[in-house]
Amino acid sequence: MRDDAFLRGEAPMTKEEIRSIVLSKLDLRKANGLLDIGAGTGSVSVEAKTLYPDLIVTAIEQNQGACSLIAANTEKMGCGPIHIIPDRAPSQLLKGSYDRFFI
């Protein structure tokens with residue numbers, strides 16, 4: 001997906017070339033879920049959900065404006081649903097308790 005396809009606002013965005021490399025290296029073809037921590041505009045989440053529609057995608061972002069951008073980009077690209085958690089990454093992640101994020 002081209003960078004100019006995304007709504008930007010003030011939130012940081014992973015650039016097109018980096019998204020391409022990251023998603024290729026993640027090889028999500030057989031994955032059940034993706035947890036995007038510090039999702040910014042949601043560009044990684046949205047592109048992953050577009051490429052793999054059955055993937056369960058959870059975006060964690062502490063900035064409320066960025067959460068709105070993730071929702072707007074999800075709607076604009078028609079790739080939903082993406083579960084958005086408007087908060088800091090929970091401490092459960094450090095303990096390896098990921099299951100509750102892939103509902």
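Values below: all heavy atoms of this structure, side chains included; hydrogens, waters and symmetry mates excluded.
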Could you state the interatomic distance from [atom1] ([X]) to [atom2] ([Y]), rounded to the nearest 0.5 Å?
| X | Y | atom1 | atom2 | result |
| --- | --- | --- | --- | --- |
| Asp87 | Asn63 | CG | CG | 12.0 Å |
| Asp54 | Arg29 | CG | CZ | 15.0 Å |
| Ile21 | Lys15 | CD1 | NZ | 14.0 Å |
| Leu35 | Thr58 | CG | OG1 | 6.0 Å |
| Lys49 | Ser45 | NZ | OG | 10.5 Å |
| Ile85 | Ile37 | CD1 | CD1 | 9.5 Å |

Practice item. Quick one: closest heavy-atom pair of Thr41 and Ala11, and the distance? Key: CG2-O, 3.7 Å
Practice item. For Glu61 and Gly38, work out which heavy atoms get closest and say how close. Key: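 Taking every non-hydrogen atom into account, OE1-C, 3.4 Å.
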Check your understanding: If only atom types and distance count, is the side chain of Arg19 paired as donor or acceptor with the main-chain N or O of Thr14 below 3.5 Å?
Key ->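 Answer holds: yes.
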**Study point:** Thr50 side chain vs Val46 backbone, donor-acceptor pair below 3.5 Å
**Key:**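 A pair under 3.5 Å: yes.
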Check your understanding: Can you hop from Met1 to Leu69 via hydrophobic side chains spaced under 4.5 Å?
Key -> no
Check your understanding: Should Leu7 and Ile84 be counted in the same cluster of Ile, Leu, Val, Met, Phe, Trp and Tyr side chains packed under 4.5 Å apart?
Key -> no
Review point. Quick one: does Leu26's side chain get under 4.5 Å of Leu34's, heavy atoms only?
Key: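 The answer is yes, as the side chains (C-beta and beyond) meet within the 4.5 Å cut-off.
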Check your understanding: Under the side chain to side chain contact (heavy atoms under 4.5 Å, CB included) criterion, do Leu51 and Leu28 qualify, and how do the steps go?
Key -> CA-CA 9 Å; Leu51 291 170; Leu28 297 169; over 6 Å; no
Check your understanding: Hey, are Asp3 and Arg8 close enough for a salt bridge, meaning a charged N less than 4.0 Å from a carboxylate O?
Key ->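 No, this pair does not count.
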Distance-only criterion, 3.5 Å: show the donor-acceptor pairs between side-chain atoms of residues 74-82 and protein atoms not counting sequence neighbours.
from: Thr74; atom 1: OG1; to: Ile70; atom 2: O; distance (Å): 2.7
from: Lys76; atom 1: NZ; to: Ala5; atom 2: O; distance (Å): 2.5

